[in-house]
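Working notes for the structure below.
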2 protein chains.
Amino acid sequence: MLYLVGLGLSDETDITVKGLEIVKKAARVYLEAYTSILLVDQSVLESYYGRSIVVADREMVESNSDEILRDAQTEDVAFCVVGDPFGATTHTDLILRARELSIPVQAVPNASIMSGIGASGLQLYNFGQTVSMVFFLDNWRPASFYDRIKENRDIGLHTLVLLDIKVKEQSLENMARGIKIYEPPRYMTVGQCAQQMLEVEEDKKEGVYGPDSLAIGAARVGGRTEKFVAGTLKQLCDADDVLGPPLHSLVLLGKRAHELERDYAREFALDKDTWDKVWAANYGKQ
Amino acid sequence: MLYLVGLGLSDETDITVKGLEIVKKAARVYLEAYTSILLVDQSVLESYYGRSIVVADREMVESNSDEILRDAQTEDVAFCVVGDPFGATTHTDLILRARELSIPVQAVPNASIMSGIGASGLQLYNFGQTVSMVFFLDNWRPASFYDRIKENRDIGLHTLVLLDIKVKEQSLENMARGIKIYEPPRYMTVGQCAQQMLEVEEDKKEGVYGPDSLAIGAARVGGRTEKFVAGTLKQLCDADDVLGPPLHSLVLLGKRAHELERDYAREFALDKDTWDKVWAANYGKQ
């Protein structure tokens, strides 16, 4: 059996009891660690689970899935995924390959950022499609998120923006030379995301959002040090110090927002006067 | 401290290790049991947690929250919620009340149907806003879901439809007489939902969807007996026997769907020829 085990959002105790039993008994345990991370190190997980863990990087999952699936017809393999196994990143390829090999698959659900973001006080019913934001390069500034946000904003809905992480990336130079030296991991912050969003609006000028649009920055959702800050996109450009260490996410508010959402999130406002004023002028009216 | 503890979707072992520790130690343990249910009885939970549980019905949570919050400034109260504490139903009122009373609040996230539905093979990125479907009465057929689905469909997105449950409801007669006898619980099925959806389309005639629109019926998501069926809305009207016992949910597909979603969900098709034909004609083109 191939088990896809969700680990939840924060630390080693966020695994479910069901998931922990599976991890303890499986023949092999993999950890998918290139699309999200827990807030604790691999060694903490290994000691808590009482198991050694093979970290599965993107290359392994995408090009060498048969090694992960080896003998899974007759023994149990646990493939651990931060968050929910079917959350922000799905492993459809891996599962379709398991089906081809007649390997039964069972998923053990857990919290995902896509539901965990409800802790911001915004109602999950009022979210449209989720988008991703990648680190811009000088010559590569993918902006498809902008049209998606426009679709959500046109009907008054919130947008959850998931932020890029770079783990085990080579510099272009090392990649060109075939040198397997990896850069330190990088995690996009709410400030970087807000800045890139405003740059794209500057380019496109469709008025999808602007410096005064309300948003919520989220850090370490589901963890003991979870932190939210609410404010305008302009304010959030400079709020990384308040938010603290990764992982960060951002929600751009939709105008259909409810007054209960206003009251709840107001608690997180960097500046309650600005929050009240901008809200009164532009939100809660659809 | 008020702990909002997510219980996950299926059975007593879906609680996280962190959540279980809190439940075992709390001064009082409540279970919110009017918006969703686990697939196991309260007695199973009590024996697994080693604690007795007070079932909190809607009346208690909405009108008597101070009893739940009693002494929570100085002792720990665990308020358990099926799924994620901020999932389909939020308990914003309870938390705002706790804030007023200077009671610290901490949530323990868990799987929610809103992320768990990813097990259907549909990508969570491609979902628009979630809607709810209630049991229609002769003179009460709330159809606001229709406009919301239209918004999602106009931009090619999937819609998750959450289905009504009726727990501890009085008949109109008993309510009028003040007799506290409750009807047996009722859980809406995928067939009932699909039928009501088609009736509303018949009334409104805006062509938002029709009998040949593709959808996925889901039962007991996240549980060992999880079951999906894929087909047209017309086919899903008669698929309740295949799906089996509650809880059910339904996803109406958006046309922007990706071929990986087609291939994954095809495995669940009631009739693969129909699935392929309808897909080829209408989906994956946006």
Side-chain angles (χ1 to χ4, degrees), chain A residues 6 8-21 48 83-88 90 92-93 95-96 99 106-121 123-132 148 151-152 154-157 221-222 224 226 260-261 263-264 267, chain B residues 6 8-21 48 83-88 90 92-93 95-96 99 106-121 123-132 148 151-152 154-157 221-222 224 226 260-261 263-264 267:
Chain A
L9 295 168
S10 170
D11 67 34
E12 70 279 11
T13 64
D14 285 326
I15 194 169
T16 65
V17 176
K18 187 183 285 173
L20 186 58
E21 292 301 311
Y48 191 77
D84 183 85
F86 295 103
T90 58
T92 316
D93 286 332
I95 300 171
L96 288 174
R99 279 190 192 163
Q106 196 184 315
V108 181
N110 208 321
S112 159
I113 183 63
M114 294 168 105
S115 49
I117 194 65
S120 65
Q123 310 259 348
L124 295 184
Y125 280 99
N126 292 340
F127 280 73
Q129 59 200 313
T130 298
V131 303
S132 296
R148 300 278 181 260
E151 290 170 341
N152 288 343
D154 281 347
I155 51 179
L157 298 176
V221 170
R224 285 174 222 276
E226 176 179 85
L260 267 180
E261 296 178 283
D263 295 347
Y264 196 102
E267 183 84 4
Chain B
L9 295 169
S10 170
D11 65 37
E12 70 279 12
T13 65
D14 285 325
I15 194 169
T16 64
V17 175
K18 187 183 287 173
L20 185 58
E21 292 302 311
Y48 191 77
D84 183 84
F86 294 104
T90 58
T92 316
D93 286 331
I95 300 171
L96 289 173
R99 280 191 192 163
Q106 194 183 317
V108 181
N110 207 321
S112 157
I113 183 66
M114 293 168 105
S115 50
I117 195 64
S120 64
Q123 310 259 349
L124 294 185
Y125 281 97
N126 292 338
F127 279 74
Q129 59 200 314
T130 298
V131 304
S132 295
R148 300 278 182 258
E151 291 170 341
N152 288 342
D154 281 348
I155 49 178
L157 298 176
V221 170
R224 284 173 222 277
E226 176 180 83
L260 266 181
E261 297 178 282
D263 295 347
Y264 196 103
E267 184 84 4

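Within every chain, numbering begins at 1; the chains are lettered A, B, ... in the order of the sequence lines, protein sequences first and strands thereafter.
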Which distance, rounded to the nearest 0.5 Å, do you find between the [atom1] of [X] and the [atom2] of [Y]?
{"X": "B:Met114", "Y": "A:Phe127", "atom1": "CE", "atom2": "CZ", "result": "9.0 Å"}
{"X": "B:Phe86", "Y": "A:Gln123", "atom1": "CZ", "atom2": "CD", "result": "10.5 Å"}
{"X": "B:Leu124", "Y": "A:Ser115", "atom1": "CG", "atom2": "OG", "result": "9.0 Å"}

Looking only at heavy atoms and a cut-off of under 4.5 Å, which of [options] has the most pairs with chain B?
{"options": "A:Glu267, A:Glu12, A:Glu21", "value": "A:Glu267"}
{"options": "A:Ile95, A:Val131, A:Asn126", "value": "A:Ile95"}
{"options": "A:Gly6, A:Ala119, A:Gly8, A:Ser10", "value": "A:Ala119"}
{"options": "A:Leu96, A:Asp11, A:Asp14", "value": "A:Asp14"}

Got [X] and [Y] here, is their nearest side-chain heavy-atom distance under 4.5 Å?
{"X": "B:Asp93", "Y": "A:Leu260", "result": "yes"}
{"X": "B:Tyr48", "Y": "A:Val17", "result": "yes"}
{"X": "A:Lys18", "Y": "B:Arg224", "result": "yes"}
{"X": "B:Ile155", "Y": "A:Gln129", "result": "yes"}
{"X": "B:Glu151", "Y": "A:Asp154", "result": "no"}

[X] versus chain A, heavy atoms under 4.5 Å apart: side chain, backbone, both or neither?
{"X": "B:Val221", "value": "neither"}
{"X": "B:Ile117", "value": "neither"}
{"X": "B:Ser120", "value": "neither"}
{"X": "B:Ile15", "value": "both"}

Legend entry - Atom of A:Pro109, atom of B:Gly222 and distance for their closest heavy-atom approach: CG-CA, 3.7 Å
Inset, instruction - Tell me, with the steps shown, if A:Thr16 and B:Asn110 meet side chain to side chain contact (heavy atoms under 4.5 Å, CB included). - result: CA-CA 8 Å; A:Thr16 65; B:Asn110 207 321; 4.3 Å; yes
Inset, instruction - With B:Arg99 as the cation and A:Tyr264 as the aromatic partner, state whether NZ or CZ is under 6.0 Å from the six-membered ring centre and within 45° of the axis. - result: yes
